[in-house]
Amino acid sequence: MTGIPQTHPRYHSLIARENIVEGVNKGITSMQGLVAQGRGECFDYLLGERTVPSALLAEKIASALLLLADRPVISVNGNTSALVPEKMVELASVTGASLEVNLFHRTEERVSRIISHLESFGATRVLGARGDGRLGLEHARAIVDQEGIYSADVVLVPLEDGDRCQKLVEMGKTVIAIDLNPFSRTSKTATLTIVDNVNRAMANMISYSRQLGNCSHGELEEIAGDFDNATFLREAVGELMENLKNQ
Ligand code: PTJ
């Protein structure tokens with residue numbers, strides 16, 4: 001890692017870059033992941049590199065949805081395994097969710113490297129290597145585990161591509177996306193979209209899941225109750241426009 005001082009105004013963003021580059025060097029992140037990160041950074045910059053109020057509310061609702069789920073799964077790709085490995089392991093442990101590696105640019109070698117990487121952060125069981133289920137898509141994201149994403153009721157999909165998100169929704173699953181781009185197909189098709197940086201979103205969800213851990217089923221249902229994904233997207237775009245106007 002290069003010596004980035006903590007006092008640098010864009011410290012977190014620069015560290016994320018370092019982590020993504022390191023992920024590529026370790027063979028867990030795809031080269032395309034660098035481009036995806038750049039696109040995310042651009043939207044983060046426009047949003048002021050902060051969690052906007054509507055995203056914070058979405059993070060609370062998402063935590064309640066994970067806690068309410070019978071078979072929750074957190075989907076892991078090359079970018080999230082480089083950016084937030086310890087946070088994914090912690091969120092899975094707090095909510096009782098399974099972790100499953102699911103890749104767009106899938107190679108069996110990368111799947112097994114990511115599994116080992118998550119295990120080095122304390123994960124005890126990571127799905128995704130079996131690949132005995134199919135989602136009906138014409139690319140590698142179709143390959144899932146029967147006992148994981150295939151039979152999940154709630155799936156958290158950070159940094160997704162729209163295709164699979166739509167397929168999972170069509171299968172009747174509750175799909176929670178984390179995507180800094182409020183205009184993406186993923187953002188529009190997910191049941192609930194958190195328009196926030198995956199780093200901040202995961203940290204907030206861990207803390208909400210801990211806080212809500214003792215709530216009754218009824219209380220959680222009240223939190224997760226009635227929401228409209230389009231409202232969250234509109235509010236994110238509103239924040240973005242406001243930022244631009246104030247330049
Ligand atoms: O590891 P693989 O093979 O599964 O590939 C993963 C990537 C991310 C390369 C693949 O899924 C992909 O190409 O994704 P897209 O279509 O570029 O979509 C990624 C979305 O995530 C974009 O809308 C970005 O704005 C958003 N994004 C990127 N970085 C972040 C982010 N959202 C939140 N936090 C980020 N750090």
Side-chain angles (χ1 to χ4, degrees), residues 10 12-24 26-52 55 58-59 62 74-85 87-88 91 99-115 117-118 126 128 131 135 137 139-144 149 155-168 175-190 192-205 232-233 236-237 240:
R10 299 197 57 247
H12 295 291
S13 164
L14 296 177
I15 291 294
R17 275 188 197 178
E18 294 295 318
N19 288 337
I20 284 279
V21 169
E22 205 187 327
V24 172
K26 282 183 176 165
I28 58 176
T29 307
S30 64
M31 293 288 271
Q32 292 84 345
L34 298 169
V35 182
Q37 172 69 10
R39 178 155 58 158
E41 272 188 19
C42 178
F43 280 102
D44 206 10
Y45 205 83
L46 292 173
L47 284 163
E49 293 180 312
R50 76 207 152 99
T51 300
V52 299
E59 283 152 8
I74 300 173
S75 185
V76 181
N77 66 19
N79 283 48
T80 52
S81 57
L83 291 171
V84 284
K87 291 191 177 93
M88 283 191 299
L91 186 65
L99 291 165
E100 177 168 338
V101 178
N102 177 271
L103 302 178
F104 187 74
H105 309 281
R106 184 180 175 111
T107 65
E108 296 318 306
E109 192 190 344
R110 201 148 73 84
V111 171
S112 92
R113 276 180 203 247
I114 292 175
I115 291 175
H117 185 63
L118 293 176
V126 184
L135 292 183
L137 295 165
H139 52 74
R141 274 227 199 254
I143 306 169
V144 293
I149 289 171
V155 191
L156 174 65
V157 292
L159 279 67
E160 181 66 2
D161 62 315
D163 266 21
R164 185 177 67 138
C165 183
Q166 189 163 356
K167 181 58 70 181
L168 294 173
V175 181
I176 305 163
I178 302 175
D179 192 335
L180 276 160
N181 178 1
F183 305 105
S184 75
R185 228 154 29 92
T186 298
S187 292
K188 289 180 184 162
T189 44
L192 174 64
T193 302
I194 297 167
V195 183
D196 199 2
N197 191 300
V198 70
N199 226 314
R200 297 190 299 267
M202 295 295 284
N204 291 336
M205 286 173 72
F232 288 107
L233 299 184
V237 174
L240 198 149

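We count ligands from 1, going down the list as the structure has it; atoms in each ligand are counted the same way. Everything quoted here is computed from the prediction, not taken from an experiment.
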For ligand 1, find out whether one of its N or O atoms is nearer than 3.5 Å to an N or O atom of [X].
{"X": "G33", "result": "no"}
{"X": "N79", "result": "no"}
{"X": "L180", "result": "yes"}
{"X": "F104", "result": "yes"}
{"X": "N77", "result": "no"}

What is the closest protein heavy atom to [atom], and at what distance does it sit?
{"atom": "atom 15 (P) of ligand 1", "result": "R39 NH2, 3.5 Å"}
{"atom": "atom 23 (O) of ligand 1", "result": "D179 OD1, 2.8 Å"}
{"atom": "atom 28 (C) of ligand 1", "result": "A36 O, 3.1 Å"}
{"atom": "atom 5 (O) of ligand 1", "result": "H105 CD2, 3.6 Å"}
{"atom": "atom 1 (O) of ligand 1", "result": "G78 N, 2.8 Å"}
{"atom": "atom 36 (N) of ligand 1", "result": "Q37 OE1, 3.4 Å"}

I'd like to know whether NE2 of H105 has more than 12 heavy-atom contacts from other residues, nucleotides or ligands below 6.0 angstrom. yes
Count the heavy atoms of every other residue, nucleotide or ligand shown that sit under 6.0 Å from OH of Y45, and state whether that count exceeds 12. no
Among L233, N181, L240, V237, which one satisfies side-chain contact (heavy atoms from CB on, under 4.5 Å) with V195? L233
Who passes side chain to side chain contact (heavy atoms under 4.5 Å, CB included) against A58, sequence neighbours left out? L192, I194, F232
Run the side chain to side chain contact (heavy atoms under 4.5 Å, CB included) test against N204 and tell me which residues pass, sequence neighbours left out. T51, L56, E59, D196
Which atoms of ligand 1 sit under 4.0 Å from any heavy atom of L103? 1 (O), 4 (O)
For R110, which part has a heavy atom under 4.0 Å from ligand 1: side chain, backbone, both, or neither? side chain
Is the contact between D196 and ligand 1 made by the side chain, the backbone, both, or neither, using heavy atoms and a 4.0 Å cut-off? backbone
Measure from atom 34 (N) of ligand 1 to the protein's non-hydrogen atoms and state whether any distance is below 4.0 Å. yes
From atom 12 (C) of ligand 1, is the closest protein heavy-atom distance below 4.0 Å? no
Give a yes or no on whether a salt bridge exists between D44 and R200, defined as a side-chain N under 4.0 angstrom from a carboxylate O. yes
Going by an N to O cut-off under 4.0 Å, is there a salt bridge joining R110 and E108? no
Within a strict 4.5 Å, meaning less than it, do heavy atoms of the E100 and V76 side chains meet? no
What do you reckon, does R141 put a non-hydrogen atom under 4.0 Å from ligand 1? yes
Checking T186 side chain against G162 main chain: does a donor-acceptor pair fall under 3.5 Å? yes
